[in-house]
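Take a look at the structure set out below.
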Amino acid sequence: QVQMVESGGGLVQAGGSLRLSCAASGSIFSINIMGWYRQAPGKQRELVATITSGPNYADSVKGRFTVSRDNAKNTVYLQMNSLKPEDTAVYYCYAVIQSQRSIPPLVYWGQGTQVTVSS
């Protein structure tokens with residue numbers, strides 16, 4: 001009974017910023033990896049950023065995006081600065097969560113939020 005709810009997408013001009021949030025709720029024993037994927041029309045799904053104890057980024061977003069997490073809120077964030085039109089995509093958060101003790105962890109996904117960057 002784990003649910004991931006994300007928000008923060010929208011329309012922004014090139015050079016602007018957005019902050020995405022994704023909160024996990026329900027039965028949570030532990031959370032390992034949290035992060036973000038994105039998928040643009042006609043393109044493959046791309047891993048944007050992950051965070052365990054520290055962050056990792058795709059080369060295309062390094063220096064512009066920052067991933068962070070608030071363990072008390074079971075929430076992962078993606079701060080996106082200096083946005084470019086090529087960042088336009090649906091962004092999906094994910095988390096590897098063990099919902100109960102003695103049950104293997106599973107990957108859970110948010111519903112997706114649209115980010116559109118105009119030129």
Side-chain angles (χ1 to χ4, degrees):
Q1 199 175 7
V2 174
Q3 190 172 34
M4 306 279 289
V5 179
E6 59 183 283
S7 61
L11 176 64
V12 65
Q13 289 186 306
S17 298
L18 287 172
R19 181 175 171 86
L20 307 183
S21 299
C22 180
S25 63
S27 180
I28 299 174
F29 178 76
S30 65
I31 300 177
N32 188 359
I33 302 169
M34 303 190 83
W36 298 87
Y37 280 83
R38 67 185 181 187
Q39 188 164 30
K43 300 187 68 176
Q44 299 295 315
R45 186 179 66 175
E46 176 188 20
L47 180 62
V48 176
T50 64
I51 183 166
T52 52
S53 60
N56 294 95
Y57 302 96
D59 288 341
S60 59
V61 306
K62 284 182 179 178
R64 300 187 298 119
F65 290 11
T66 301
V67 63
S68 61
R69 63 191 289 180
D70 185 335
N71 291 331
K73 297 180 179 180
N74 294 327
T75 299
V76 62
Y77 305 94
L78 187 67
Q79 178 67 47
M80 304 183 293
N81 299 325
S82 301
L83 282 162
K84 304 174 181 179
E86 50 263 46
D87 295 318
T88 295
V90 177
Y91 285 70
Y92 299 91
C93 65
Y94 79 96
V96 179
I97 297 174
Q98 187 176 9
S99 60
Q100 300 180 42
R101 186 165 58 189
S102 301
I103 295 178
L106 298 174
V107 179
Y108 295 88
W109 295 91
Q111 79 279 9
T113 185
Q114 176 71 49
V115 172
T116 302
V117 184
S118 63
S119 61

What side-chain donor-acceptor pairs closer than 3.5 Å can you find for residues 112-119, not counting sequence neighbours?
from, atom 1, to, atom 2, distance (Å)
T113, OG1, G9, N, 3.1
Q114, NE2, A89, O, 3.4
Q114, NE2, T116, OG1, 3.3

Going by the rule ring pair (Phe, Tyr, Trp, His ring centres under 6.0 Å), which residues pair with Y108 if we only count those two or more places apart in sequence or in a different chain? none
Any residue meeting ring pair (Phe, Tyr, Trp, His ring centres under 6.0 Å) with Y92, in chain and number order, not counting sequence neighbours: none
Show which residues join I103 in its hydrophobic cluster (side-chain heavy-atom contacts under 4.5 Å, direct or indirect), or state none. none
Which atom pair, heavy atoms only, marks the closest approach of [X] to [Y]?
X	Y	value
P105	V96	CB-CG1, 3.9 Å
T88	A40	O-CB, 3.5 Å
G8	L18	O-CD2, 3.8 Å
V12	S17	CG2-N, 3.9 Å

Side chain to side chain donor-acceptor pair (under 3.5 Å) partners of [X], counting only residues at least two apart:
X	answer
K84	none
Q79	N81
R64	D87

When the ring centroid of Y37 is compared with that of Y94, is the distance short of 6.0 Å? yes
Salt bridge (Lys or Arg N to Asp or Glu O under 4.0 Å) pairs, two or more places apart, involving [range]:
range	answer
residues 100-119	none
residues 6-29	none
residues 52-61	D59-K62

Euclidean distance, R69 CZ relative to L78 CG, rounded to 0.5 Å: 14.0 Å
CG (L83) and CD (E86) are apart, to the nearest 0.5 Å, by 10.0 Å
Linking I/L/V/M/F/W/Y whenever their side-chain heavy atoms sit closer than 4.5 Å, directly or via other members, would V76 and V107 fall into one cluster? no
Are Y91 and V5 connected into the same hydrophobic cluster when the rule is that any two of I, L, V, M, F, W, Y join if their side-chain heavy atoms are below 4.5 Å apart? no
Residue pairs meeting side-chain hydrogen bond (donor to acceptor under 3.5 Å, both in side chains), one or both in residues 45-56, sequence neighbours left out, come to R38-E46, E46-S60
For residues 20-36, please give each side-chain donor-acceptor pair under 3.5 Å, one per line with the distance, not counting sequence neighbours.
from, atom 1, to, atom 2, distance (Å)
S27, OG, S99, O, 2.8
S30, OG, Q98, OE1, 3.4
W36, NE1, Y77, O, 3.4

